Structure formats: C-alpha cells, structure tokens
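Below you'll find the structure, written out as structure tokens, and then a few comments.
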Amino acid sequence: MRLSLCLALLSAAPAFANDGFGGLSATGLTFGQTEAVTMEEERLFIGIDRVSVDYVFRNTTAQDVTGEVIFPLPPISVWAGYEGMMNLPEDLSQPDLVGFAATVDGQPVAVTIDRIAVVQENWESATLAEQYDTPGREVTADLERLGIPLALDWVALRELLLSFPEEKRNEVAALGLAEYFEGDAAQDIPPDVWGAWSIVTRYHWTQTFPAGKELRIGHSYTNRPPGGLFYWSEPPEDYQQTLVEQYCIDAGTSKAMAKALKNPGGEDHGNYGTAYYLSYVLRTANSWAGPIGRFSLTLDKGDPGNVISLCAEGVRKTGPTTFVIEKTDYTPDRDLEVLVVQPMPKE
C-alpha cells in the first residue's frame, strides 16, 4: 500500500509589532488520513533553541505502507533578508536553514532537500494549522519559465528583476510576483522592485512502515520562534488582555513576569525584557489511526529566571527550567501556544 506522507513540521508565524522579529512555529508528523498506521507514542521536546520529536508508529495491517515523508519549512519571503526581521540564519544561501536531522529505528536517514515557490494570500488572518495546510498559491513553474531562481538571495533577485525589459516586468507584476516602483529622479530615488513570493524548503525521504510491525522515527531541528521586546505591567493593562487570554496568564504568572522584568532603576526606565512566542500545531496528529497512545511534552524555558505561560492542564515542573505534560489515548483538540519571557541581561 502506498500513501502520500507529510512531515509538516513548521508553519509561518507573524512578526510581533515594529520592535519584534518574525519566526517559525511547528507541527508534527502526518500524512493523509489513514487507518493503517497508529501513533503509539509521541515524545515532544520544545525549547527556545531546539525542537525534537520521537515517535513510535505501528502498521496495524497485513500490508507494507510506503510513502514519501516530507518536512516543509514554512513559506519564507524572498525579501526576508532585506527586512532583517526574521529569526533566520544570516546566510540564507545555505540549503538547510534549520539543521534538520532524522532517524529511523535509531539510524540516520539521508534526506533530500528541494524547494517550491508560493504567493501567500491572507496569511495574516490564517490560523497556525491553516498556514501549514495551505502555504499559498504555488508559482514555481512561473518562476522557472521566467528564469528566476528558487533562492532567498534578495540582492541578486532584485538585480535580476530590475534587469528585465518592460514587457517581462509587466508579466511579473501581472502574475503577482513583484511590484515595481518608478522612483523619482528629482528626489534622487532610483527605480526599485519588491518581490512578493515566498520559498518553501522541503526535506523528504521514502519510508516503508512494515506490515504488523513497530517503527521508530525521530527528528530534530533548530527552533526559530518569533519574539521581540516585551513589556509587562501588574495588573495587566487593557491592551495586554489579548496575551492574558492567548497564553492563559493567571495572577501568579502575571506577578512573576512583572517581578522578573522589574528594572532596578525604577519604572521610569521601563520594565522590559524579551519574549519568545513558541507554537506547535498538535492537531496534525489526528491524521493517524486513532488517538496517540502515549503522549509526553517537555517544555524548556531556557533559564531559571525566565517565566513561562501556556494554556494546558496537568503541567508538572520537573527541573529548574523544564515542565512536562503527559497524556494517554490523546486526541489533540487545540494547538499549543507558549509564551516565554526573558529578563534583560544584568550589566
């Protein structure tokens, strides 16, 4: 039996205000709805800098199930390097942006990397799951026909787009791939262009789930969540209520954040720190047969002085920086959103 699989582990996340930076959220191993393979166990670790997941799958049928396992990064704007507001490597020319690694039954897997291009439409209003499920309108063939490489080097792409003759520029604009600006010679403003497409990088390999047997798959990668400068007051101000609701910030956590961010110089100097907005699309686990048999989530807030908040039941503190949630026969009904607040470094 052959199925199309998708290891869709990252989805786009928006930048947070002018003094924040955009980044990537996460999700889990999935493929088109199947009753052939169950997820007996999922052990998920999420930290500020790293995500790792270990699964135990079982093919419950009498036939092998084979398919292409795919790990796509979320769409990354080709102008992300120009904006300088994404939590990404400085060198965007490297094919692997997150140091992705996978194993099957403890052995490393050779992973192929390729790319497609999409134009994201209405992504600002999309949920985490929607951003992962529908990254955008694919325009790979259009770019290839126009001689535009599937790269993230905005400087080279800008020069290429500006070199196009008028007819070709009009075609690029009509396809919604870029917007051209005439400039103003009197104001010494040269013509310019803004690329409107994004690149989805995909890691993949062919995998067989043996009939009636268990298979262990693990993967890890660098976490690159969005975040930015963060201010908190106690009690929370009206505009902070959105965060209170989104991350279930209770009175104790609110006081802990205010205390952690308290400026020794007094409130006139501002009680600021850095926030990281970690997110993980859990509901992709529902594409496997039945619930997750055994589920464990370990969250690492990075430093004992950091403060963490999320909407979840049964959270246990297991160390100076770690918290664990464990479930049995688990069917996720919401996605995970975690706030980690980090005080400013002490001088």
Side-chain angles (χ1 to χ4, degrees), residues 8-11 13 16 23-30 38-57 127-133 218 223 225-227 230 232 234-236 240-260 275-342:
L9 294 169
L10 294 173
S11 63
F16 283 79
L24 312 176
S25 59
T27 183
L29 180 63
T30 182
T38 63
M39 186 186 295
E40 293 191 338
E41 183 175 359
E42 177 180 359
R43 289 184 289 117
L44 170 62
F45 172 91
I46 302 177
I48 295 174
D49 300 320
R50 185 172 67 89
V51 174
S52 64
V53 194
D54 292 296
Y55 302 95
V56 179
F57 293 103
T127 65
L128 291 176
E130 287 170 343
Q131 291 171 24
Y132 137 71
D133 285 332
N223 198 13
F230 186 82
W232 194 254
E234 172 55 35
Q240 295 171 326
Q241 289 302 316
T242 299
L243 291 176
V244 170
E245 296 172 4
Q246 183 175 0
Y247 297 102
C248 295
I249 301 171
D250 58 23
T253 303
S254 178
K255 291 176 182 178
M257 290 196 303
K259 181 179 179 180
Y276 294 94
Y277 306 92
L278 286 63
S279 52
Y280 194 93
V281 182
L282 285 168
R283 283 174 290 178
T284 55
N286 296 337
S287 61
W288 302 91
I292 305 171
R294 299 180 303 278
F295 172 81
S296 69
L297 164 65
T298 298
L299 295 168
D300 191 336
K301 64 179 182 177
D303 186 273
N306 294 348
V307 181
I308 189 171
S309 190
L310 69 154
C311 299
E313 297 179 355
V315 181
R316 295 187 295 109
K317 186 173 183 179
T318 57
T321 65
T322 54
F323 301 80
V324 171
I325 300 171
E326 295 178 316
K327 306 281 186 181
T328 57
D329 295 328
Y330 179 48
T331 300
D333 59 2
R334 66 179 297 168
D335 296 324
L336 180 67
E337 294 185 273
V338 182
L339 171 66
V340 177
V341 176
Q342 176 180 286

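Since the model is a prediction, treat every value here as computed from it, not as a measurement.
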In sequence, state the C-alpha distance, the side-chain angles, and the governing distance for Tyr276 and Asp49, and then conclude on side-chain contact (heavy atoms from CB on, under 4.5 Å). CA-CA 10 Å; Tyr276 294 94; Asp49 300 320; over 6 Å; no
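- Side chain of Asn223 to backbone of Gly47: a donor-acceptor contact under 3.5 angstrom is found.
- Annotation: salt bridge (Lys or Arg N to Asp or Glu O under 4.0 Å) contacts of Glu326 (sequence neighbours excluded): Arg316.
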Under the side-chain contact (heavy atoms from CB on, under 4.5 Å) rule, what do Ile46 and Leu336 come out as? Steps first, then yes or no, please. CA-CA 11 Å; Ile46 302 177; Leu336 180 67; 3.8 Å; yes
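- No side-chain heavy atom of Phe323 sits less than 4.5 Å from a side-chain heavy atom of Val338.
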Please set out all donor-acceptor pairs under 3.5 angstrom arising from side-chain atoms of residues 289-298, sequence neighbours excluded.
unit_1 : atom_1 : unit_2 : atom_2 : d
Arg294 : NH2    : Glu41  : OE1    : 2.9

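- Side chains of Lys327 and Ile325 form a contact here, defined as non-hydrogen atoms less than 4.5 Å apart.
- Taking Pro304 as the reference, Pro320, Thr321 meet the side chain to side chain contact (heavy atoms under 4.5 Å, CB included) condition, with sequence neighbours excluded.
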Show your working on side-chain contact (heavy atoms from CB on, under 4.5 Å) between Tyr280 and Leu278 and close with a plain yes or no. CA-CA 7 Å; Tyr280 194 93; Leu278 286 63; over 6 Å; no
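- In this structure Thr253 satisfies the side-chain hydrogen bond (donor to acceptor under 3.5 Å, both in side chains) test together with Asp250, sequence neighbours excluded.
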Taking distance alone, no hydrogens or angles, what donor-acceptor pairs closer than 3.5 Å link side-chain atoms of residues 305-313 to residues at least two apart or in another chain?
unit_1 : atom_1 : unit_2 : atom_2 : d
Asn306 : ND2    : Lys301 : O      : 2.7
Ser309 : OG     : Tyr247 : O      : 2.8

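- For Tyr277 against Pro225, the heavy-atom pair with the smallest separation is O-CB, 3.8 Å.
- Scanning for side chain to side chain contact (heavy atoms under 4.5 Å, CB included) contacts around Gln241 gives Pro236, Val244, with sequence neighbours left out.
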Start with the C-alpha gap between Ile249 and Gln240, add the side-chain angles, then the distance that decides, and say whether side-chain contact (heavy atoms from CB on, under 4.5 Å) holds. CA-CA 10 Å; Ile249 301 171; Gln240 295 171 326; over 6 Å; no
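- Residue Ile48 holds its CD1 atom at 8.5 Å from CG of Asp303, rounded to the nearest 0.5 Å.
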